[in-house]
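Okay, so here's the structure we're looking at.
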There are 2 protein chains.
Amino acid sequence: MTQADPAPRGDKRERIIDAAIAVFADRGFHKARVTDIAHRAGVADGTIYLYFRNKEDLLLTIFEEKMDLIIASLKATLAPIDDPLERIHAFALHHYSLVRRERALAEVLQVELRLSNRFLKEYRPEKLWKYLGLFAQVVRDGQERGVIRADMDPFIVMWAFFGAIDELGMQWILARKKARFKLDQAAHQVADIFIQGIQARP
Amino acid sequence: MTQADPAPRGDKRERIIDAAIAVFADRGFHKARVTDIAHRAGVADGTIYLYFRNKEDLLLTIFEEKMDLIIASLKATLAPIDDPLERIHAFALHHYSLVRRERALAEVLQVELRLSNRFLKEYRPEKLWKYLGLFAQVVRDGQERGVIRADMDPFIVMWAFFGAIDELGMQWILARKKARFKLDQAAHQVADIFIQGIQARP
DNA sequence: AGATCCTGAATGGCGATTCATTCCCATACA
DNA sequence: TGTATGGGAATGAATCGCCATTCAGGATCT
């Protein structure tokens, strides 16, 4: 009749993306077979190529689209918090709440994306910069307000903090149930170290 | 893993390892072709299989052998330093001196090893644990002496510190000459953040 | 000669990608 | 109402390129 979508167009695309996240997390990008993804999504192998240029495009699409959601969510979390030091704390907690809630996605973003040379060397991970940029901005704000040491380079602090958070998240994911620490505990300790480490002292 | 060399002698093994480090760093493990490594080492493709079981064994052998050297070097660096907080500083500087001096090796260890699922999930990176364990021990010593906060989990501090150091090292390597910071500056700032962050306060 | 070491072309397997074919259904027409 | 038709969507078997690995000979020593 009207302009109603005749076919479940978006549905298949969504299913392929979800299946890809699961399979990438499970087998790793390189070992993941397109056939596996197609099977899991309940579509034919060729169907995937109607929606994505190739296997790598599928990985990058997941990154692009999911990061948009994550960035929006992070912004919403930080918005009501005024104190920069408190925001650092919130950043860590927010990061891990995602890791815990969507472990497969987190695994793809943290572990698998890094094996894509294209991603690391050729492709500009704009979305990652945007995500981290929010943190760097928190540091700059804190410096302007005088609560964070002025001799710290926000750029270095940003990568250091992300590295710390990311590494612990990765170890937690890799260790699965055997993890020797709790994510929340890690979030608190790391945030605490950085807050103590960079705050301006009288 | 390399059991015992069946027979072959000479400097070929060494040349293959050096060539592999260069090619892995340059093209990435997956895109690196055995042919490229052989060519660079000045040997025939098949020769590589006289010294290594397969391509992955080559990667793991590089890890095993180089880590032994790195661990020994780190121990020698820390030995004459008594103050745990000063050792943290030395750890960061030592790590980056390696990154700067042997960039290709650092790239392989930091970036490429991570793409080997086998390495991260199945293989136990004992040597990495040994390396990091040295740092965890520094934290424990500091706690016993009362100069480091007792409420910090050495395990979490260890991963956080390594993550921070590692991430900055990776960004520096990836950015090559365009890096927006100096390695030494990063070493000092990160060490400073952690020292300020974990030291016991009166 | 025999043993050791090396060579590099040939092989084989894997799995991403393609594309000829089929399916589905909205619309048009009788 | 029944049937034809056009074309986009989906299929999945076949293709095809890539490259790690092998191995039947050579080369080089003793």
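By convention in this document, chain letters (A, B, ...) are assigned in the order of the sequence lines, proteins followed by strands, and residues within each chain are numbered from 1.
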Report the distance from atom [atom1] of [X] to atom [atom2] of [N], rounded to the nearest whole Å.
| X | N | atom1 | atom2 | result |
| --- | --- | --- | --- | --- |
| A:Tyr51 | D:dT11 | OH | C1' | 12 Å |
| B:Asp36 | D:dC19 | CG | P | 9 Å |
| B:Arg27 | D:dC18 | CZ | P | 15 Å |
| B:Phe24 | D:dC19 | CZ | P | 14 Å |
| A:Leu50 | D:dG12 | CG | C1' | 12 Å |
| B:Arg13 | C:dC6 | CZ | P | 13 Å |
| B:Ile48 | C:dC5 | CD1 | P | 18 Å |
| B:Glu56 | D:dT21 | CD | C1' | 15 Å |

Carboxylate-amine/guanidinium proximity below 4.0 Å for A:Arg149 and A:Asp151
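A:Asp151 and A:Arg149: salt-bridged.
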
Salt bridge present between A:Arg15 and A:Asp11 (N-O < 4.0 angstrom):
yes

Give me the one residue out of A:Lys130, A:Lys75, A:Lys127 that meets salt bridge (Lys or Arg N to Asp or Glu O under 4.0 Å) with A:Asp68.
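Checked A:Lys130, A:Lys75, A:Lys127 against A:Asp68; only one passes salt bridge (Lys or Arg N to Asp or Glu O under 4.0 Å): A:Lys127.
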
Within the 3.5 Å criterion, strictly below it, is a donor on A:Arg140 or A:Gln143 matched to an acceptor on the partner's side chain?
no

Taking the side chain of A:Val43 as heavy atoms from C-beta outward, which of D:dT11, C:dG8, C:dC6 is closest to it?
D:dT11

Can you give me the bend angle of the helix from C:dA1-D:dT30 to C:dA30-D:dT1? Use the axis through the first five pairs and the one through the last five, nearest 10 degrees.
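Between the first-five-pair axis and the last-five-pair axis there is 20°.
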
Distances under 3.5 Å only, N/O to N/O: pair up the protein atoms with those of nucleotides 9-16 of chain C.
unit_1: C:dA16; atom_1: OP1; unit_2: A:Ala32; atom_2: O; d: 3.2
unit_1: C:dA16; atom_1: OP1; unit_2: A:Lys55; atom_2: NZ; d: 3.2
unit_1: C:dA16; atom_1: OP2; unit_2: A:Val34; atom_2: N; d: 2.6

Any A:Lys12 side-chain nitrogen or oxygen under 4.0 Å from OP1 or OP2 of D:dA10
yes

Report all side-chain donor-acceptor pairs from residues 41-48 of chain A shorter than 3.5 Å, counting only partners two or more places apart or in another chain.
unit_1: A:Asp45; atom_1: OD2; unit_2: A:Thr35; atom_2: OG1; d: 2.9
unit_1: A:Thr47; atom_1: OG1; unit_2: A:Ala44; atom_2: O; d: 3.4

Please verify the inter-ring angle class for A:Trp129 with A:Trp159; under 30° counts as parallel, over 60° as perpendicular, anything in between as tilted.
perpendicular

Angle between ring planes, A:Tyr131 versus A:Phe91, binned at 30° and 60°: parallel, tilted or perpendicular?
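A:Tyr131 and A:Phe91: tilted rings.
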
Does A:Phe161 have its ring centroid less than 6.0 Å away from the ring centroid of A:Phe135?
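Under 6.0 Å, so yes.
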
I want to confirm an ordering. Mapping A:Thr47 and B:Gly42 to their closest nucleotides on DNA chain C, which one lands closer to the 5' end?
B:Gly42

Exam field: side chain B:Arg87 to backbone B:Ile81, donor-acceptor pair closer than 3.5 Å:
yes

